[in-house]
Each structure stands twice: as structure tokens, then as C-alpha cells.
Engineer: 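A single structure is presented below for examination.
Please read these numbers as outputs of a predicted model, since none were measured by experiment.
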Amino acid sequence: MTKHSNILPGLLLALGLAAAAIWAAELPAMKSLGLSALTLAIVGGMVIGNTVYRFIAGPSHHGIAFSKQKLLRAGIILFGFKLTFQDIAAVGFSGVLIDALVLTSTFLLAFWVGRNKLGLDEQSVILIGAGSSICGAAAVLATEPVLKAHAEKVAVAVATVVVFGTAAMFLWPLMYEAVRYLGISEFSYGLFAGSTIHEVAQAVAAGKSVSDAAMNTAVITKMIRVMMLAPFLIGLSAWLAKRHRGNSHEKTGITIPWFAVAFLAVAGLNSFNLLPHALLRQIIALDNLLLAAAMGALGITTHLSAIRQAGSKPLLLASMLFGWLIVGGGLINAGVAMLIR
């Protein structure tokens, strides 16, 4: 049997699961809940992985592993076609500064609280911190290859993003209604939503609940956070290499995640607006399929017993970060607004 035929059964399973998740994500009920195709794919994968997968694991194993690794990296690279550097100009220096401060403070808080106060393992802390501070499930997925993290820890991190990102999608518009009499503009609300909400789809929904103008600002601010994923991964890789070199007293090279560099290069290419819109839509649809397939494959290899063993600490860490995104994110937004004014 050839190498390609070895991966075919599992690859078809992952792609089929991804296609079903993308279809389900377009249903009105799923849209109203802000559930993206990535979220539905991992849930569907976990259902299959913990029920019928044991009967087909033999022929499917190689294709599932291929989907988790190769399709994931290809999906992260193509994700760059959703961004342009012109997006940065749309919200100005203040939007970039707010995103950078929210990302840095949230991740550092995650590491300090998770390691020093809750005693969580390093992989779980970094995955939950990345998901909360950058772009939800996509950030968790992109961080996994750098850490070589276990599937169960990735699934737990994704679960925390889903829980609190969904809560933010409904809570943020309510908070705006409660404070809008203070003269807070829709643009300012969009900056706050885009810089603090976990998933892109959730930022869209939270912005749309207020107005189209708020939604546009929220999406652009959110996509700038997504763009910061690449330098974050490169910095994380360098930090991990230095940390492990210091612990082992051995020479350890920095492993630059090439897919993160390629992601930035693709975003740069997309900024020149060279591709026809029809082709761009097809590429983005392919990217959604690849990322959903990778998420589905991750779900298939996730065992519920391992998630139960993780206990309540990951959820507690995510809840504390959620509180920081509300309070700290609000203070950062207000402080930068006063500084730039």
C-alpha cells in the first residue's frame, strides 16, 4: 500500500467532518450562538473519537495525523489571505497599541497565575494564554506545533475559548448599552470588542449587535490581533529555546515556526490586492476547510477521560483571564484613548 493510500481514509474522514461543520456553522441557530466551524469540528471530532473511531482507527490513523500536522500548517498560512496591512491603517496607531498591550498583558498574566498560583503545567498555561490573548481556537492550533502539545491539553484550551468567547459575544453589547450614556462612541466600542473578544466570529457578532460601524471597527481590530500571531509564535519559540537551554545546559537552537513567517508573507502579498475577488473567496473557503479538518482531527484524537483529569484549574485560569479582558482591557482602551487624544 502506498503512502498516499495510507493517509486517504483518515484524510477523507477529517475533510468530511470539516465540510459538515462548515455547513452547520451557516445554520441560523449556530450563527446566533456564534459557534464557528472550528468549534463545531472539534466537537464533532470528539463525539466520533470517543464512540465509533476505535473501529476505524487502524486504517484512519495516518490520515488523521496528517490532518493535524500538515493541513493545520497549510491552513495557518492561507489564513493570511484574510488580512491586509491596510487593515492596520483603518484603526490607526491606537488600535495597534491597544491590541499589543492587551495581548502582552493577558498572556503574561496567564503564565504568572497559571504557573505560580494554580500550578498548571507549562503547555496548558501557554495554550490557554494564547487562545485568550490572540485569536481563540486558531491561536491554540497555531501554538500547538511550537509546543508539541498533547491533544487533550489543546482540546481543553479550545474549550475554555469557546465558553468565555461565547459569553463575551453576548455580554459586551450589554455592557455597551449600560455605559453608552457616558459618551462612549461606537468606534471606541469596536476597538474594545476587537481587542478583547476571543474569536473572529464572536467579534463580528458582538459588533453587529451594536451597529455595522462598530462591527467593522471590531473586525479590523480583531484581525490586527490575528496578525500579531506570527511574531508571538516566533518570540515564543525563541523564549522556549532559551529556557530549555538554560535548564539543560545544552546548546538548543531556536526553531522558527516557518508557517508563521509564511502567514505574514501571505498577508503582505494580499495587501497588494493582486488576486481577483472570486479567487480570493475560493482560497478563503479552502482555508476554512483545512483549519476545520485539522480541528476535527484534533477532536478525534482527544479522549474525554484525559479532559476530566485536567480538572477545574484550566477553566479557573480562563475565567480569570476573562475578567482581565473586561477590566484590564477596558482600562487599556481608555488609557490609550487619553494618551492619543
Engineer: Pairing donors with acceptors under 3.5 angstrom, does anything connect the side chains of T196 and W172?
Structural biologist: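 Short answer, yes.
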Engineer: Are I326 and L315 linked, directly or through other ILVMFWY residues, by side chains that come within less than 4.5 angstrom of each other?
Structural biologist: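 Yes, I326 connects to L315 through the hydrophobic network.
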Engineer: Identify the two heavy atoms, one from E186 and one from A213, that lie closest to each other, and give their separation to 0.1 Å.
Structural biologist: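 So the minimum-distance heavy-atom pair works out to OE1-CB, 3.9 Å.
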Engineer: Show the nearest heavy-atom pair for residues H198 and K222, with the distance to one decimal.
Structural biologist: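 Heavy-atom minimum between the residues: O-NZ, 2.5 Å.
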Engineer: Are F81 and D287 packed together at the side-chain level, in the sense that at least one heavy-atom pair is separated by less than 4.5 angstrom?
Structural biologist: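 No, too far: nothing below the 4.5 Å cut-off.
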Engineer: So, taking the atom named CG in N270 and the one named CD1 in I284, what distance separates them when rounded to the nearest 0.5 Å?
Structural biologist: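 Separation between the atoms: 7.5 Å.
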Engineer: Might you work through the side chain to side chain contact (heavy atoms under 4.5 Å, CB included) test for L240 and E122, ending with a clear yes or no?
Structural biologist: CA-CA 11 Å; L240 288 173; E122 186 174 278; 3.6 Å; yes
Engineer: For K82 and N288, which heavy atoms make the closest approach, and how far apart are they?
Structural biologist: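 Smallest heavy-atom distance, with atoms named: NZ-OD1, 2.9 Å.
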Engineer: How far apart are the C-alpha atoms of L120 and R115, what are their side-chain angles, what is the distance that settles it, and do they pass the side chain to side chain contact (heavy atoms under 4.5 Å, CB included) test?
Structural biologist: CA-CA 5 Å; L120 281 166; R115 295 293 287 153; 5.7 Å; no
Engineer: Would the number of heavy atoms belonging to other residues, nucleotides or ligands and lying under 6.0 Å from CZ of F93 be above 12?
Structural biologist: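 Counting neighbours around CZ of F93, 12 or fewer heavy atoms of other residues, nucleotides or ligands fall under 6.0 Å, so no.
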Engineer: Kindly work out whether a path of hydrophobic side-chain contacts (I/L/V/M/F/W/Y, heavy atoms less than 4.5 Å apart) joins M295 to L17.
Structural biologist: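 In one cluster with M295: L17, no.
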Engineer: Could you tell me whether a side-chain N or O of E199 sits under 3.5 Å from a main-chain N or O of G165, the two making a donor and an acceptor?
Structural biologist: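 Pair absent, no side-chain N/O of E199 close to backbone of G165.
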Engineer: Is it the case that atom CE in M320 sees more than 12 heavy atoms from other parts of the structure closer than 6.0 Å?
Structural biologist: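 Counting other residues, nucleotides and ligands, CE of M320 stays at 12 neighbours or fewer.
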Engineer: Decide whether V146 and V125 are clustered together by the hydrophobic rule: side chain heavy atoms of Ile, Leu, Val, Met, Phe, Trp, Tyr closer than 4.5 Å, transitively.
Structural biologist: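 Both belong to a single hydrophobic cluster.
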Engineer: Between L264 and P231, what is the shortest heavy-atom contact and its length?
Structural biologist: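 Result for this residue pair: CD1-CD, 4.3 Å.
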Engineer: Would you say the ring centers of W324 and F164 fall short of 6.0 Å from each other?
Structural biologist: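 Ring-ring flag for W324/F164: false, centres at least 6.0 Å apart.
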Engineer: Please report the closest heavy-atom contact between G131 and V140, naming both atoms and the distance.
Structural biologist: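 Between these two residues, the closest heavy atoms are CA-CG2, 3.7 Å.
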Engineer: Any idea which heavy atoms bring R225 and I197 closest together, and the distance?
Structural biologist: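 The answer is NH1-O, 2.8 Å.
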Engineer: Is there a side-chain contact between S105 and I332 in this structure, where contact means two heavy atoms from C-beta onward sitting under 4.5 Å apart?
Structural biologist: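 In short, these two side chains touch, coming nearer than 4.5 Å.
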Engineer: I need the single residue from W239, F263, F107 that forms a ring-ring contact (aromatic ring centres under 6.0 Å, His included) with F232. Which is it?
Structural biologist: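 Of W239, F263, F107, ring-ring contact (aromatic ring centres under 6.0 Å, His included) with F232 is met by F107 alone.
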Engineer: Is any side-chain heavy atom of I56 closer than 4.5 Å to one of P9?
Structural biologist: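 The answer is no, as the side chains (C-beta and beyond) never meet within the 4.5 Å cut-off.
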Engineer: So if you build clusters from Ile, Leu, Val, Met, Phe, Trp, Tyr with side-chain heavy-atom gaps below 4.5 Å, do V336 and F192 land together?
Structural biologist: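 No, V336 does not connect to F192 through the hydrophobic network.
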Engineer: So, do S124 and K153 sit near enough that their side-chain heavy atoms are less than 4.5 Å apart?
Structural biologist: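 Contact flag for S124/K153 side chains = yes.
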Engineer: Please tell me whether L147 and M228 are part of a single hydrophobic cluster in this structure, the criterion being side-chain heavy atoms less than 4.5 Å apart.
Structural biologist: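 Yes.
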Engineer: Side chains of T221 and V96: does their closest heavy-atom pair fall under 4.5 Å?
Structural biologist: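 No, their side chains stay 4.5 Å or more apart.
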